[in-house]
Amino acid sequence: MKSHFIAFAPTTSTLMIVLTVGELLRQWRKRRGLSQLDLAIAADVSARHVSLIETGKSTPSADMIVRLSDQLHVPLRDRNQLLLAAGFAPRYRRRPLDDSALSAALGAVRRVLQAHEPYPALVFDRQWNIVMTNRAVDPFFAHVAPDLLRPPVNLVRLGLDPRGFGALVVNLADVRAVFRARISRQLTVAADPELAALYQELLEPGPDEPVARRVDADVVLPMILRVDGRELRLFSTITTFGTPLDITIDEISVESYYPADAESAAYFTR
């Protein structure tokens, strides 16, 4: 039994570092809504030391940058930016998921996907591009226009486009609201120009858009699909790696879909 890879070419962009490490750390601290004292207590350092780093009067060691980054929940690719700003080499690599160094992580992902069958599950990256699926996803791809399946296959675009899953989704406004809430939170955690462009293209609320109910109004908001003349009600969970040391692993998520009622479960088990 094999999980399905969807090959894609990762995009790259050149980032010119114009801020000092102290200025970058200050931005992350403010983004998290912490005072210098809050950060100092969490990292077990003095508030004066945090102040000296932020004002450029003290240059932190690489270990101190990682220590502060842990408390600020800074993504690994952005930790590399902090290290570079302080004059250190990047500490975290970004390797393809099928790289031999990531074989243990890849094996774990495959087991998660396969164990979830006969229900659908897939893996997506930081920009919501699908990089891996289990076999239960295949029948749904049969309804998708071929050009939407050319790499990179974006889950948000696939889910909302009427030539993709959009034509199958009964409660499309609710699903759009879920995507909007998730990506808004993601952009709050860490700025990402490509993700911001995706949000603007597909999720920016329009003046004539019908109002969807708040996505936090229910414990579980099901996605309702009309397939083969019947309605399937699904909810999903997202799994991430707890302590990744590679950027690729840090940025992938496994989304697993579950039937929300007995009729939907019977459709998949058949």
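Along the sequence shown, residues carry numbers from 1. What you are looking at is a predicted structure, and each value in this text was computed from that prediction instead of being measured.
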What's the shortest heavy-atom distance between Ala136 and Pro118, and which atoms? CB-O, 3.3 Å
Smallest separation among heavy atoms of Pro60 and Ser58, with atom names: CD-O, 3.6 Å
With a 4.5 Å heavy-atom cut-off, do Arg79 and Asp70 have their side chains touching? yes
Can you see which heavy atom on Thr20 is nearest to which on Ala85, and at what distance? C-CB, 4.2 Å
Does a side-chain heavy-atom distance below 4.5 Å link Ser264 with Tyr258? no
Has Arg95 got more than 12 heavy atoms of other residues, nucleotides or ligands less than 6.0 Å from its CZ? yes
What do the steps show when you test Thr133 against Leu113 for side chain to side chain contact (heavy atoms under 4.5 Å, CB included), and what is the final call? CA-CA 7 Å; Thr133 71; Leu113 291 178; 5.9 Å; no
Nearest-0.5 Å distance that lies between atom CG in Asp161 and atom CG in Leu202: 8.5 Å
Once you round to the nearest 0.5 Å, how far does CH2 of Trp28 lie from CG of Leu82? 8.0 Å
Side-chain heavy atoms of Glu263 within contact of Arg233, under 4.5 Å: no
Looking at side-chain heavy atoms only, is the closest gap between Leu245 and Leu76 below 4.5 Å? no
In terms of heavy-atom contacts, Asn171 and Pro222 come closest through ND2-O, 2.8 Å
Strictly below 4.0 Å, N to O, side chains only: are Arg163 and Asp147 in salt-bridge contact? yes
Arg91 atom CZ, over 12 foreign heavy atoms within 6.0 Å: yes
Run the ring-centre check on Tyr257 versus His116 and record whether the distance is less than 6.0 Å. no
In sequence, state the C-alpha distance, the side-chain angles, and the governing distance for Gln186 and Arg126, and then conclude on side chain to side chain contact (heavy atoms under 4.5 Å, CB included). CA-CA 9 Å; Gln186 196 175 340; Arg126 177 187 177 106; 4.1 Å; yes
Under the criterion side chain to side chain contact (heavy atoms under 4.5 Å, CB included), which of Asp63, Val21, Ile65 is the partner of Phe88? Ile65
Check: Arg176 and Arg180 side chains under 4.5 Å, non-hydrogen atoms: yes
Kindly compute the distance separating CZ (Phe179) from CG (Leu198), expressed to the nearest 0.5 Å. 9.5 Å
Just by distance, with hydrogens left out, do Asp192 and Gln127 show a side-chain donor and acceptor under 3.5 Å apart? yes
Could you walk me through whether Arg94 and Asp99 pass the salt bridge (Lys or Arg N to Asp or Glu O under 4.0 Å) test, one step at a time? CA-CA 10 Å; Arg94 184 184 183 188; Asp99 188 283; over 6 Å; no
Check: Ser184 main-chain N/O paired with Thr188 side-chain donor or acceptor under 3.5 Å: yes
State plainly whether the residues Arg157 and Glu201 are in salt-bridge range, i.e. N to O under 4.0 Å. yes
Which atom of Val175 lies closest to which atom of Met223, heavy atoms considered: CG2-CG, 3.8 Å
Could you please spell out the steps behind the side chain to side chain contact (heavy atoms under 4.5 Å, CB included) verdict for Leu148 and Asn154? CA-CA 8 Å; Leu148 289 177; Asn154 187 269; over 6 Å; no
Interatomic distance, CD1@Ile252 vs CD1@Ile130, rounded to 0.5 Å, equals 13.5 Å
Would you check if Leu25 and Leu72 make a side-chain contact, meaning some heavy-atom pair closer than 4.5 Å? yes
Do Leu52 and Leu34 belong to the same hydrophobic cluster, where Ile, Leu, Val, Met, Phe, Trp and Tyr are linked whenever their side-chain heavy atoms lie under 4.5 Å apart, directly or via other members? no
Measure across Ala121 and Val137 and return the closest heavy-atom pair with its distance rounded to 0.1 Å. O-CG2, 3.4 Å
Side chain to side chain, Pro96 and Thr248, heavy atoms closer than 4.5 Å: no
Would you indicate whether the side-chain heavy atoms of Phe241 and Val109 approach each other to under 4.5 Å? yes
The reported gap from CG in Leu195 to CG in Leu203 (rounded to nearest 0.5 angstrom) is 9.0 Å
Would you sort out whether Arg32 and Val189 count as a side chain to side chain contact (heavy atoms under 4.5 Å, CB included), showing the intermediate values? CA-CA 8 Å; Arg32 298 294 181 259; Val189 170; 3.5 Å; yes
Asp250 meets the side-chain hydrogen bond (donor to acceptor under 3.5 Å, both in side chains) criterion, sequence neighbours left out, with none
Are Val169 and Tyr119 connected into the same hydrophobic cluster when the rule is that any two of I, L, V, M, F, W, Y join if their side-chain heavy atoms are below 4.5 Å apart? yes
